[in-house]
**Q** 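Here's a structure for you.
All ligand and atom numbering here is 1-based and tracks the order in the structure.
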Amino acid sequence: MTSGVPTGGPASALAASVRAGERSAVEVVEDHLARIAAGDGELHSFLTVTADAARRSAAEVDRAVAAGIDPGPLAGVPVALKDNLCTRGVPTTAGSRILEGWLPPYDATVVTRLASAGAVVVGKTNLDEFAMGSSTESSAFGPTRNPHDPSRVPGGSSGGSAAAVAAGFAPLAIGSDTGGSVRQPAALCGVVGAKPTYGTVSRYGLIAFASSLDQIGPFATTVSDAALLLDVIAGHDPADSTSLASPPPRASAAVQRGVDGLRIGLVSELAAAEGLDPQVAARTREAAEALAAAGADLEEVSVPAAVYGLSAYYLIAPAEASSNLARYDGVRYGLREEGDDITEMYIRTRSAGFGPEVKRRIMLGTYALSAGYYDAYYAKAQKVRTLLVGDFDAAYRRFDALIAPTAPGGAFPLGSKTADPLAMYLNDVCTIPSNLAGHPAISVPFGTDRSGLPLGVQVLAPALGETVMFQVAAALEAAAVEVAAR
Ligand code: GLN
């Protein structure tokens with residue numbers, strides 16, 4: 001084991017003590033429910049707290065332990081779920097009025113896997129409506145606030161999950177990442193957040209935003225807790241046609257190995273992206289230096305098409321969303337506003353049920369897909385996507401992993417970007433390339449900005465490169481502690 005690399009984390013410690021019968025899962029869940037009751041009035045990270053169900057599943061975990069049955073690697077660990085994951089009989093809104101009152105008839109595969117691992121779901125977290133946004137302010141149910149400074153946003157769209165972990169309401173949470181929605185809020189809340197390789201975690205029961213980009217990912221306070229959670233939720237699922245058939249790489253396999261001899265590239269285009277806070281650029285360089293000091297072979301590398309990622313994403317994601325969201329028509333799910341005929345019913349339901357950002361995306365996407373514009377916009381964006389994959393492939397012929405900033409700045413004040421959609425979109429400039437390529441990426445807390453707010457640095461890896469990605473992330477985490485102690 002390399003010295004200075006931290007192991008474990010609060011989630012693995014809790015699971016170990018519950019499995020050993022030293023702590024009861026009921027006591028652990030009561031402790032976290034009390035923290036939520038005391039602190040979430042101000043933060044609003046949860047849309048629904050499932051206190052009774054949590055107590056019941058904790059009691060089941062305790063019964064298993066008493067009977068000598070191992071409840072699993074997450075025994076008794078409280079987990080918060082983004083409210084775009086279907087939970088049977090529990091409200092699932094995707095942050096939208098259009099799904100208010102809808103009760104899913106089934107659990108998402110991730111939810112089933114968590115239960116089989118002994119985890120205890122404590123509630124459903126707030127998000128930007130249909131996961132469209134970078135601040136959690138587009139939720140129809142009001143914003144979430146950042147635990148480090150409640151006048152600021154937690155990032156988004158999985159802002160509720162990131163805030164819940166940062167506030168200590170749950171040691172683990174689940175989010176979804178289509179263009180950065182796990183990694184960007186993780187950075188802004190000072191926690192770890194990862195997007196796995198596309199196809200690694202089943203999307204069955206995840207309310208679709210942009211199906212070719214959506215992936216479910218873990219939040220935790222440490223890299224090894226995030227790896228533990230990912231290893232539980234990853235794996236083939238016949239219910240998701242895009243789920244990979246091969247066994248997923250073990251995220252936790254090499255977290256203690258250090259980076260000696262690894263080749264790591266700093267992505268020039270992202271390290272110097274337009275609009276980057278100089279503090280973010282400085283922290284990213286420090287991260288690169290720290291990895292080099294830990295024995296990595298570090299160099300700058302160019303990924304030229306990365307600069308076109310944002311433009312391509314804001315055509316592809318809205319195009320897929322416009323199609324996915326066509327199903328919310330007042331017939332099958334949630335809200336219905338009556339009309340004199342079916343067309344009027346559709347129009348009234350969708351006008352009343354969707355918020356402004358969702359309507360903007362549907363219009364952008366419908367436009368990009370329309371006859372006459374399809375080739376100029378949607379098809380062109382797909383070509384950029386192919387170029388980007390080629391550029392990454394070239395980089396990974398020379399490097400084991402890449403690093404880049406996560407977000408262009410730290411947490412911003414509530415309301416400061418809501419009037420300017422483009423300013424909001426620019427938050428994803430460094431995270432989007434990994435979604436377009438289908439590659440894994442993780443954000444690790446690394447230093448602070450001028451106001452003392454947390455910043456994150458990303459580790460990127462090629463498809464199915466989770467093992468090396470978590471290995472580098474753990475070294476970065478150790479280096480962050482050393483840099484802070486200086
Ligand atoms: N912020 C990006 C968007 O608004 C990404 C969202 C996401 O990853 N779900 O589309």
**Q** Got a sec, which pairs hit salt bridge (charged side-chain N to carboxylate O under 4.0 Å, His left out) with one end in residues 413-435, sequence neighbours left out?
**A** none
**Q** What pairs with D237 under side chain to side chain donor-acceptor pair (under 3.5 Å), at least two apart in sequence or on another chain?
**A** T109, S202
**Q** List the steps, then state whether ring-ring contact (aromatic ring centres under 6.0 Å, His included) holds for F392 with H439.
**A** CA-CA 9 Å; F392 270 126; H439 294 170; 5.2 Å; yes
**Q** Taking S134's backbone N and O only, do any of them form a donor-acceptor pair with Q184's side chain (distance below 3.5 Å, no angle check)?
**A** yes
**Q** Any idea which residues sit under 4.0 Å from ligand 1, heavy-atom distances?
**A** A131, M132, G133, S134, S157, D177, T178, G179, G180, S181, F209, Y313, Y314, R361, D428
**Q** Using the ring pair (Phe, Tyr, Trp, His ring centres under 6.0 Å) rule, collect all pairs that involve residues 411-433, keeping only residues at least two apart or in two chains.
**A** Y314-Y425
**Q** Are more than 12 heavy atoms, taken from residues, nucleotides or ligands other than R327, located less than 6.0 Å from that residue's CZ atom?
**A** yes
